[in-house]
2 protein chains.
Amino acid sequence: MAVANAAVKIPLDVPVVEKRVRNRAATQQAILDAAKRLLAEEGFQNFGINAVARGAGCDKQLIYRYYGGLDGLVEAIGTDLGSWVADRIPDDTGGMFLLTYGDLMERLSLLFLDALRADPLMRRIVAWEVSESSEQVRRLSEARSKALAGWIERMRGSLVPPKGVDAQAVNAMIFAAIQHIVLASAVSDQCAGLALKNSKDWEKAATALKRIVRGVYG
Amino acid sequence: MAVANAAVKIPLDVPVVEKRVRNRAATQQAILDAAKRLLAEEGFQNFGINAVARGAGCDKQLIYRYYGGLDGLVEAIGTDLGSWVADRIPDDTGGMFLLTYGDLMERLSLLFLDALRADPLMRRIVAWEVSESSEQVRRLSEARSKALAGWIERMRGSLVPPKGVDAQAVNAMIFAAIQHIVLASAVSDQCAGLALKNSKDWEKAATALKRIVRGVYG
DNA sequence: CCAATCTGTCACCGGGCGGTGAATAGCAGG
DNA sequence: CCTGCTATTCACCGCCCGGTGACAGATTGG
């Protein structure tokens, strides 16, 4: 009797289980948010349909319906990336007068360094880019580099690099260095023997970066 | 009759199916080779017990027996990494007299760039390092950086960096740049807008690298 | 010659994956 | 009220993964 009683006990909290509202737009957004969160926190390794659906608290079928599968979802993330740059990296010169190309590049380098350090999603995407060459990640990579190039172009204004220096190649090296050092720090707190834990370490890194930029551009 | 005849036909080549010789050492080596090949060619993403066993042409059970699982196998790869540096990167100065620290770093940078470009396994490992922070990859990373540091130390000789420059930080930046640019080129033929396909592109990259080194160390 | 040992193989397990077809629950308009 | 329509869920598939226990063939030592 007691057992039966317990079995038929009115479930007090079952009706409270907040029912998912029927709202396609909201669900779509929830899926996109879950995808970005998952990618940022767990990385691309365990990034899949099931995981995203679990994270969004809905059925994976909806991902197929609303985004046409993982590919479409990744593409949607890529589209978001455009607005990212605008949000995360200041577009003005911070009140500075950038007299020389060297001034500009020093500032851009440090801004990019900080922005990348502060954004786990972006870091995961960069790591993904250098680990896989699928169509998925190629599009993501393209969106990222386009947004970045646009930002640099906007900041550049009318400044031109000094003659005799292949600015494109040198800048690629500098940005490569920033990306790699930030990626390395995110997984192992160091890079090539250089510690990258506390803010003091990062001061050293920033100083080295400035020195490199100044060494090239004066 | 004809059918029966065909069915009982003496199998001419069946006895020829080269039987796997019973040789533990050889099998162990085959497994290790298969693991390195697989990692180099396919990357760490699909690197697993089943794939290695398939590649080595033996049962996965043997991997457990001889290496104690994937972890032990990865560790064995790491051990091999020590000899890698000695094989791939010349230990002498190539007949050059390295008068200054700048000379040294320029040469080391270019050597490292070429060595990394030529070694897919090493590239995959670096990509792995920045994508995951498991114990497995941490050990691998350690072996790699130790080998690299040893090589640099040996090459350095008695040369010392100029005063007023944080050589450790600057060098970390330079090596980070090299690693990232090589990784990027391996998956997408470009990095931050800089094409990295033909040898002419790489000439430009090398020139930029030299310019950076010289800008810092003179 | 037999028994122990070593190398190698096979079959099987549970579980998570990506993917799909069918059912269900809430909302509109008549 | 019923009838569609749409958002959402469920149940199921085949596949491959890592991992394990039992077995078979060769080798060796007493």
Side-chain angles (χ1 to χ4, degrees), chain A residues 11 14-35 38-39 41-77 128 131-132 134-137 140, chain B residues 11 14-35 38-39 41-77 128 131-132 134-137 140:
Chain A
V14 166
V16 190
V17 286
E18 30 186 316
K19 307 214 63 169
R20 165 169 292 283
V21 287
R22 271 170 81 86
N23 182 342
R24 170 162 180 164
T27 302
Q28 253 174 314
Q29 190 59 44
I31 291 173
L32 185 57
D33 289 346
L38 206 83
L39 187 52
E41 292 176 2
E42 309 287 335
F44 60 94
Q45 295 252 57
N46 295 25
F47 185 75
I49 285 278
N50 290 294
V52 172
R54 230 177 293 132
C58 72
D59 197 275
K60 58 182 167 182
Q61 179 74 18
L62 298 184
I63 300 176
Y64 287 106
R65 275 226 230 294
Y66 297 156
Y67 291 96
L70 251 199
D71 297 14
L73 184 51
V74 169
E75 200 145 3
I77 294 178
W128 201 358
S131 301
E132 198 180 305
S134 64
E135 192 57 26
Q136 259 184 33
V137 74
L140 214 50
Chain B
V14 168
V16 190
V17 286
E18 32 186 318
K19 307 212 61 169
R20 166 167 289 285
V21 287
R22 275 171 76 88
N23 182 343
R24 169 163 183 165
T27 302
Q28 251 174 315
Q29 191 59 45
I31 291 173
L32 184 58
D33 289 346
L38 207 82
L39 187 53
E41 292 177 1
E42 310 286 334
F44 60 94
Q45 295 250 58
N46 295 22
F47 186 74
I49 285 278
N50 290 293
V52 172
R54 231 176 293 132
C58 72
D59 198 275
K60 57 183 167 182
Q61 178 74 19
L62 298 184
I63 300 176
Y64 288 105
R65 271 224 247 291
Y66 298 155
Y67 290 96
L70 251 199
D71 297 15
L73 185 51
V74 169
E75 199 144 3
I77 295 179
W128 200 358
S131 302
E132 199 179 304
S134 64
E135 190 59 25
Q136 257 184 33
V137 74
L140 215 49

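Just so we're on the same page: letters track the sequence lines, and every chain starts at 1.
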Identify every side-chain donor-acceptor pair in residues 23-34 of chain B under 3.5 Å, counting partners at least two apart or on other chains, and give the distances.
residue, atom, partner, partner atom, Å
N23(B), OD1, A25(B), N, 3.1
N23(B), OD1, A26(B), N, 3.2
T27(B), OG1, N23(B), O, 2.9
Q29(B), NE2, D33(B), OD1, 3.0

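Taking atom OH of residue Y67(A) and atom P of nucleotide dG19(C), one finds them 17 Å apart after rounding to whole Å. Atom CZ in F47(B) sits roughly 14 Å away from atom C1' in dG18(D) (whole-Å rounding). Remark: P of dA7(D) and CD1 of I63(A) are 16 Å apart, rounded to the nearest angstrom.
When all heavy atoms of I63(A) and L73(A) are compared, the pair lying nearest together is CG2-CD2, 4.2 Å. Nearest heavy-atom pair across N46(A) and L38(A) is O-CD2, 4.3 Å. Smallest separation of non-hydrogen atoms from F47(B) and A35(B): CE1-O, 3.5 Å.
Applying the salt bridge (charged side-chain N to carboxylate O under 4.0 Å, His left out) criterion to E41(B), with sequence neighbours excluded, gives R37(B). Not counting sequence neighbours, the partners of Q45(B) by the side-chain contact (heavy atoms from CB on, under 4.5 Å) test are F44(A), Q45(A), E132(A).
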Discussion item. Please encode protein proximity along nucleotides 9-17 of chain C as a string of B, S and -, counting only heavy-atom distances under 4.0 Å.
Written reply: BB------S

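Within the structure, every pair that satisfies the salt bridge (Lys or Arg N to Asp or Glu O under 4.0 Å) test and touches residues 57-77 of chain B, not counting sequence neighbours, is listed here: E75(B)-R139(B).
Within 4.0 Å (heavy atoms only), R24(A) reaches sugar-phosphate atoms of the nucleic acid but no base atom.
When the side-chain nitrogen and oxygen atoms of T27(B) are compared with OP1 and OP2 of dT7(C), none of them lie within a distance under 4.0 Å. For Y64(B), no side-chain nitrogen or oxygen approaches OP1 or OP2 of dT20(D) to under 4.0 Å.
With dT7(C), dC27(C), dG19(D) as the choices, the nucleotide that has an atom nearest any side-chain atom of R22(A) turns out to be dC27(C).
Within residues 68-77 of chain B, no residue has any heavy atom under 4.0 Å from DNA chain C.
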